[in-house]
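What follows is a set of notes on a single structure, which appears directly below.
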Amino acid sequence: MSEVLVVEGGHPLKGTITVRGAKNFVSKAMVAALLGETPSLLKNVPSIKDVQVVSDLLGLHGVAVKYDAEAGTISLDPSDVVNCGATEIDAHAGQSRIPILMCGPLLHRLGEAFIPDLGGCAIGDRPIDFHLEILRQMGATVEKTEHGIHLQAKKRLQGTKIELPYPSVGATEQLLLSAVEAEGITELSNAAVEPEIMDLIAVLQKMGAIISVDTDRVIRIEGVEKLHGYVHNSLADRIEAASWASAALATGGDVTVKGATQQEMMTFLNIYRKVGGEFEILEDGIRFWHPGGDTLHGIVMETDVHPGFMTDWQQPLVVALTQANGLSIVHETVYENRFGFTDALRQMGAHIQVYRECLGGRKCRFGQRNFRHSAVISGPTPLRAADITVPDLRGGFSHLIAALAAEGRSTVRGIKLIDRGYENFREKLIALGAHFEELEEEEASLAA
Ligand code: EPU
């Protein structure tokens, strides 16, 4: 995979691409397979780096993983789960946030778990205090060591009653994966209810779990003694679908995203329409397009947990907003530090200012603190080519969109990060008529 793309911008993206399963569900469903006494089969699995990382981590714990990239199926046989040495697992430190979710299943299977220092995108502090509190309350001991965290459970994890300080996606998944085989009933208040979480609940139910979700964000789990394997088709990646939709808008293009589903994207579709983008729901996907002319307009919006506007939809859309008439205000309420990617957009000519105040809506938990979490975008501004380095997964894809929208040749470095969550994005760009060349870092330095 190339490290650098030299993008000749200014050409509208036009054509059809396909998205497969959601990165942020597939990795969790793979971890759930650890809980079964028989093998599991997951379908619609995309070929992305995160799937590889989780396969490797499960492999280290004795799970036999077989991935067929073309068919998009992954089989996971957990018959021989074993403990993994600190040194082996340490080699995976910093690659992913998924190891924290393996704790509950490993505690059930082996009575202990060791997880390395976590990775993931640098978009805030990303603490794991909620996760550790859940595991402690369920009876695990947690010991921080030099290279990671060692957990032990002398007996079966115990059901408990917990209220999350914030509806964290990961902490809700932690609780689900730990409580399904715990002794007794567990109740989680202020839970996250993202579609990816509901799909994880569907998987766990197929495995034999008893879980109910109340309308007031309360999840109730009755622990069972045994679970078996599952067969499941992953829901579509609504973040990837929205990223291509925003790319269509920013470049004045017309992109049909096969596999995209309306239900999980309703909030995005409303904002897309308010900005002036057009879409049509098809039988097997969604077509997104720019209606032509100077027709996009600014909006005031904020990110939130489901059913709000996803934080991961924000960065690609901000690039499109640089091409809209008037002021837009985007208030980021999920992560404290998710506007770092706008530095590169400013370098390319965008007018974006970031503020510490909660602008445009309700006060959020970052309001009285020192985080630049509101952005004001003034458009439209033509974007000009630049030499940029991608900062994280979603910010990185936004940089790519900006380069595709900008006049001239941009150099976008560090694009391997995008492989973490966007399947075959180089091939998809070609299918959409993008003009670019792939280089390795050394070649790009020589060319500079
Ligand atoms: N938080 C805590 N303590 C915790 C856990 C979370 O303070 O123990 C805070 C976080 O710092 C953050 C907020 O709670 O401010 C929300 O974090 P959450 O736990 O919901 O996020 P996550 O589970 O770590 C997943 C996705 C993210 C996505 C968020 C929100 C995965 C692997 N990652 O992260 O996806 O942005 O939910 O929907 O599922 C991405 O795909 O690029 C990505 C970053």
Side-chain angles (χ1 to χ4, degrees), residues 1-19 47-48 240-258 260 277-278 285 287-294 296 315-324 341 344-350 379-391 393-448:
M1 298 287 186
S2 53
E3 266 290 351
V4 179
L5 287 196
V6 177
V7 179
E8 174 76 47
H11 304 281
L13 293 186
K14 287 191 176 169
T16 300
I17 46 119
T18 301
V19 297
S47 177
I48 51 174
E240 188 189 348
S243 302
W244 291 112
S246 294
L249 209 53
T251 62
D254 186 336
V255 175
T256 296
V257 185
K258 278 194 173 175
E278 303 260 4
R287 176 183 162 214
F288 298 93
W289 73 97
H290 188 301
D294 191 14
L296 303 188
Q315 302 86 336
L317 189 75
V318 163
V319 183
L321 292 177
T322 66
Q323 303 309 304
F341 74 100
L345 300 186
R346 267 187 293 280
Q347 190 191 332
M348 297 174 84
T381 44
L383 297 178
R384 49 179 187 267
D387 187 331
I388 46 184
T389 302
V390 310
L393 178 59
R394 309 299 169 193
F397 197 81
S398 310
H399 287 182
L400 203 51
I401 298 177
L404 291 160
E407 285 299 330
R409 280 166 77 83
S410 291
T411 303
V412 189
R413 296 173 195 275
I415 54 154
K416 271 190 183 161
L417 255 180
I418 299 176
D419 290 308
R420 275 195 50 212
Y422 291 87
E423 180 179 43
N424 299 336
F425 72 91
R426 298 168 186 77
E427 288 81 351
K428 289 179 186 174
L429 285 172
I430 292 169
L432 297 175
H435 296 212
F436 67 91
E437 200 186 325
E438 296 185 54
L439 297 179
E440 292 311 322
E441 189 54 65
E442 305 86 70
E443 295 174 277
S445 313
L446 288 175

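Everything numeric in this text was worked out from a predicted model, so none of it was measured.
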Quiz prompt | Note, R420 side chain near I48 side chain (heavy atom, < 4.5 Å) | solution = no

Quiz item: Given the rule in the salt bridge (Lys or Arg N to Asp or Glu O under 4.0 Å) test, do E240 and K428 qualify, once you have shown the distances and angles that lead to the verdict?
Solution: CA-CA 12 Å; E240 188 189 348; K428 289 179 186 174; 2.7 Å; yes

Quiz prompt | Pairwise distance CG(L432) to CG(L404) - rounded to 0.5 angstrom | solution = 9.0 Å

Exercise. Starting from the C-alpha separation in whole Å, work towards a yes-or-no answer on salt bridge (Lys or Arg N to Asp or Glu O under 4.0 Å) for R426 and D419.
Key: CA-CA 9 Å; R426 298 168 186 77; D419 290 308; 2.9 Å; yes

Quiz item: Between atom NZ of K14 and atom NE2 of H290, what is the distance when rounded to the nearest 0.5 Å?
Solution: 11.0 Å

Quiz item: Say you draw a straight line from CD1 of I415 to OG1 of T389; how long is it, rounded to the nearest 0.5 Å?
Solution: 11.5 Å

Quiz item: Is any side-chain heavy atom of L429 closer than 4.5 Å to a side-chain heavy atom of F436?
Solution: yes

Exercise. Please lay out, stage by stage, how I388 and Q347 fare under the test side chain to side chain contact (heavy atoms under 4.5 Å, CB included).
Key: CA-CA 9 Å; I388 46 184; Q347 190 191 332; 3.9 Å; yes

Quiz item: Going by heavy atoms in the side chains, are T411 and V4 under 4.5 Å from each other?
Solution: yes

Self-check item: Audit row: E437, R409, salt bridge (Lys or Arg N to Asp or Glu O under 4.0 Å) steps and yes/no
Solution: CA-CA 10 Å; E437 200 186 325; R409 280 166 77 83; 3.4 Å; yes

Exercise. Scan side-chain atoms only and decide if S398 and Q315 contain a donor-acceptor pair under the 3.5 Å cut-off.
Key: no

Quiz item: Where do V19 and A260 come nearest, in terms of heavy atoms and distance?
Solution: CG2-N, 4.0 Å

Practice problem: Please report the closest heavy-atom contact between H399 and P391, naming both atoms and the distance. | Solution: CE1-CD, 3.3 Å

Quiz item: Counting distance only, does the side-chain N/O of Q323 pair as donor-acceptor with the main-chain N or O of T381 below 3.5 Å?
Solution: yes

Quiz item: Does any non-hydrogen side-chain atom of S2 lie less than 4.5 Å from one of E440?
Solution: yes

Exercise. Report yes if some heavy atom in the side chain of F425 is under 4.5 Å from a heavy atom in the side chain of E427; otherwise report no.
Key: no

Self-check item: For H435 against H11, the heavy-atom pair lying closest together
Solution: ND1-NE2, 3.4 Å

Quiz item: Under the ring pair (Phe, Tyr, Trp, His ring centres under 6.0 Å) test, which residues partner Y422, sequence neighbours left out?
Solution: F397

Self-check item: K258 vs I17 side-chain heavy atoms within contact, under 4.5 Å
Solution: no

Quiz item: Which distance, rounded to the nearest 0.5 Å, do you find between the CZ of R346 and the CZ of F341?
Solution: 9.5 Å

Quiz item: Of all heavy-atom pairs between A405 and A250, which one has the smallest distance, and what is that distance?
Solution: CB-O, 3.6 Å

Practice problem: Compare every heavy atom of G414 with every heavy atom of V390, then report the nearest pair and how far apart it is. | Solution: CG2-O, 3.0 Å

Quiz prompt | Heavy-atom closest pair, residues S410 and M348 | solution = OG-CE, 4.0 Å

Quiz item: About how many Å separate CG of L439 and CG of L5, when rounded to the nearest 0.5 Å?
Solution: 8.5 Å

Practice problem: Hey, could you give me the CG/CG distance between L249 and L13, rounded to the nearest 0.5 Å? | Solution: 11.5 Å

Quiz prompt | Over 12 foreign heavy atoms within 6.0 Å of NZ, K416 | solution = yes

Quiz item: Is S246 reaching over with its side chain to a backbone N or O of S243, donor-acceptor style, under 3.5 angstrom?
Solution: no

